[in-house]
Amino acid sequence: MKLIHLSDLHIGKKLNEFSLLDDQRHILTQILDLIRQEQPDGIIIAGDIYDKAIPSVEAVQLLDDFLTRLAATEKPVFIISGNHDSAERLAFGSRLLCRSNIHFSSLYDGTVPCCALSDAYGKVYIHLLPFIKPSLVRKVFEDAPAGSFNEALHTVLSHMDIDTSQRNVLVAHQFVTGAARSESEEIFVGGLDNVDASLFDIFDYTALGHIHSPQNIGSEKVRYCGTPLKYSFSEAAQQKSVTVAELGSKGSLSIRCLPLQPLHDLQKLKGTYMELTSLSFYKTLNRDNYFHITLTDEDDVLDAVKKLRTVYPNLMQLEYDNRRTRTSTEITAAEQITQKSELELFQEFFELQNGTGMNSSQQQLVQELLDSLKSS
């Protein structure tokens with residue numbers, strides 16, 4: 001069973017006020033070409049289809065075109081809503097689209113839609129779980145534990161009817177503890193949106209959305225495919241891709257990635273104004289890329305953005321790195337430290353050391369220890 005795993009299209013997104021619709025149109029066409037080459041048994045899109053809950057007309061038109069071309073491949077498509085989507089709006093017309101083999105998850109109401117595919121080894125069940133948050137689960141299961149994201153997801157999964165003797169694929173949109181974030185994602189303070197990867201142990205493959213960097217969590221069975229485009233300069237060095245998950249007999253899984261080539265890449269440059277505008281330097285670059293430039297001149301360059309855009313027309317972001325800015329940063333950091341509580345400072349240290357925020361239990365433990373130290 002071959003599945004194409006996509007997520008986080010963020011159709012309609014702007015980066016530093018630059019519209020990315022042309023870039024998205026280009027990459028979606030490339031994805032369609034890969035689908036035709038690979039001939040998968042199914043296509044998964046794991047949430048954050050749009051960048052906003054109420055998308056622009058242009059974004060809706062682009063998704064409409066993409067879904068129309070997907071339907072023409074005659075491959076089943078499985079789509080869930082993410083935290084950026086309005087589940088109700090995204091699922092509009094879903095019963096009609098189902099006739100074209102395009103299946104949407106609706107707003108979570110206590111049930112998780114399930115679709116079955118078949119191959120030589122039997123059935124593969126695709127479970128479509130939209131973005132889950134505790135308040136939503138508490139409305140459905142008033143007496144079940146749902147105080148945290150982890151508890152809420154545990155409650156949801158425990159109410160699903162899953163035949164573990166068969167192959168099961170979960171499509172979900174959550175932040176799994178240990179995943180590496182980038183600057184383009186929404187972050188909950190203290191990592192309160194974390195869920196444990198162990199919750200997905202019963203599934204043969206968990207196709208995740210939400211994190212923008214492609215990565216496995218613990219094993220190939222739990223995977224973020226990442227965004228098809230770079231949505232922040234923190235992702236500039238990444239190779240974006242499409243994930244292909246192939247399930248053989250029960251317990252057999254292989255993962256591979258198909259690289260994607262953007263219309264405009266993201267690139268970071270650093271140096272003095274004279275260095276970056278010298279012909280010998282910029283002639284080696286693709287100047288159609290989107291650029292983040294850091295100038296190291298000690299004195300500000302008059303009309304720097306306007307002047308640099310004559311060389312780098314798609315300059316998105318400009319900053320300075322010199323004695324003045326470093327001193328300002330140090331002063332600002334010192335002021336911020338004096339305004340933070342001991343718990344907040346420890347949370348920041350914990351995240352730097354572990355790459356993830358503290359969960360609610362860890363925060364409570366640290367607060368109790370701090371209170372104990374203060375009273376002793």
Side-chain angles (χ1 to χ4, degrees), residues 3-15 20 24 27-28 31 43-56 59-60 62-64 66-67 70 77-94 97 102-109 112-113 126-137 149-150 152-153 156-157 169-177 179-188 191-195 199-200 205-215 217 222-232 235 240 242-243:
L3 301 172
I4 293 281
H5 174 192
L6 308 166
S7 78
D8 296 88
L9 306 182
H10 286 279
I11 296 175
K13 185 175 179 63
K14 290 184 177 181
L15 182 57
L20 298 179
Q24 293 173 329
I27 214 69
L28 292 176
I31 289 169
I43 299 146
I44 289 168
I45 310 180
D48 280 356
I49 313 305
Y50 290 120
D51 191 55
K52 295 181 179 179
I54 304 178
S56 67
V60 173
L62 181 53
L63 179 62
D64 177 69
F66 180 56
L67 292 180
L70 268 182
V77 181
F78 308 101
I79 303 174
I80 65 168
S81 56
N83 58 301
H84 278 252
D85 299 309
S86 163
E88 300 94 333
R89 288 184 175 89
L90 188 64
F92 174 78
S94 58
L97 285 168
I102 296 177
H103 308 274
F104 281 90
S105 68
S106 56
L107 185 69
Y108 181 70
D109 60 0
V112 178
I126 313 291
H127 305 270
L128 305 180
L129 180 64
F131 176 65
I132 292 296
K133 53 186 178 180
S135 59
L136 185 61
V137 176
F149 275 79
N150 197 68
L153 185 59
V156 168
L157 296 178
V169 172
L170 178 69
V171 186
H173 192 93
Q174 306 291 151
F175 174 53
V176 180
T177 303
R181 293 186 186 266
S182 62
E183 292 175 358
S184 56
E185 297 141 9
E186 289 188 354
I187 297 176
F188 281 69
L192 296 177
D193 54 342
N194 289 9
V195 300
L199 293 177
F200 307 120
Y205 182 64
T206 299
L208 289 168
H210 191 39
I211 299 300
H212 292 184
S213 304
Q215 57 195 285
I217 307 298
V222 181
R223 179 168 175 80
Y224 290 104
C225 62
T227 54
L229 286 172
K230 301 172 185 179
Y231 286 137
S232 73
E235 303 163 50
K240 296 299 185 178
V242 167
T243 292

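Nothing fancy with the numbering, it's 1 onward along the sequence. Quantities reported herein were computed from a predicted structural model and do not represent experimental measurements. Scope of the values below: all heavy atoms of this structure, side chains included, with no hydrogens, waters or symmetry mates.
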Can you name the ring pair (Phe, Tyr, Trp, His ring centres under 6.0 Å) partners of Y231, sequence neighbours left out? H10
What distance separates I211 CD1 from F175 CZ, expressed to the nearest 0.5 Å? 5.0 Å
Please find the pair of heavy atoms, one from T206 and one from F200, that lie closest to each other, and give the distance. OG1-CB, 3.3 Å
Can you tell me if H127 uses its side chain to pair, donor with acceptor, with the backbone of A172 under 3.5 Å? no
Okay, side chain of H210, backbone of Q174: is any donor-acceptor separation there less than 3.5 Å? no
Taking C-beta and beyond as the side chain, do I11 and L28 meet within less than 4.5 Å on heavy atoms? yes
Side-chain heavy atoms of Y224 within contact of P214, under 4.5 Å: no
Quick check against the 3.5 Å criterion: does D85 have a side-chain atom that pairs as donor or acceptor with the backbone of I49? yes
Measure the spacing between CD1 of I27 and NZ of K230 and express it to the nearest 0.5 Å. 10.0 Å
Relative to the ring of F131, is the ring of H173 parallel (under 30°), tilted (30 to 60°) or perpendicular (over 60°)? perpendicular
Yes or no on side chain to side chain contact (heavy atoms under 4.5 Å, CB included) for I44 and V169, after CA distance, side-chain angles and deciding distance? CA-CA 10 Å; I44 289 168; V169 172; 4.1 Å; yes
Donor-acceptor contact present, side-chain Q24 to main-chain G12, <3.5 Å: yes
Quick one: closest heavy-atom pair of L129 and I80, and the distance? O-CD1, 3.2 Å
Taking every heavy atom of V137 against every heavy atom of A152, the minimum-distance pair comes out as CG2-CB, 3.8 Å
The test is side chain to side chain contact (heavy atoms under 4.5 Å, CB included); show your working for L67 and I79 and say whether it passes. CA-CA 11 Å; L67 292 180; I79 303 174; 3.8 Å; yes
Looking at Y108 and L136, what are the two nearest heavy atoms and their distance? CB-CD2, 3.7 Å
Please examine the side chains of L170 and L157, heavy atoms only from C-beta on, and report whether any two atoms are closer than 4.5 Å. yes
Within the side chain of Q215, is there an N or O that forms a donor-acceptor pair under 3.5 Å with the backbone of A180? yes
If you look at every heavy atom in I31 and P228, which pair is closest and at what distance? CD1-CB, 4.0 Å
Is there a side-chain contact between R89 and I54, using heavy atoms and a 4.5 Å cut-off? yes
Would you confirm whether D8, through its side chain, and G209, through its main-chain N or O, come within 3.5 Å as a donor-acceptor pair? no
Take N150 and T177, measure what side chain to side chain contact (heavy atoms under 4.5 Å, CB included) needs, and give me the verdict at the end. CA-CA 10 Å; N150 197 68; T177 303; over 6 Å; no
Correct closest heavy-atom pair for A207 and A46 would be O-CB, 3.7 Å
Tell me, with the steps shown, if K240 and T227 meet side chain to side chain contact (heavy atoms under 4.5 Å, CB included). CA-CA 7 Å; K240 296 299 185 178; T227 54; 2.8 Å; yes
With a 3.5 Å distance limit and no angle check, can you tell me whether S7 reaches the backbone of I45 through a side-chain donor-acceptor pair? no
Using 0.5 Å steps for rounding, measure from the CG atom of L208 to the OG1 atom of T243. 10.5 Å
For Y50, all residues meeting ring pair (Phe, Tyr, Trp, His ring centres under 6.0 Å), sequence neighbours excluded: none
Does D48 use its side chain to pair, donor to acceptor, with the backbone of N83 at less than 3.5 Å? yes
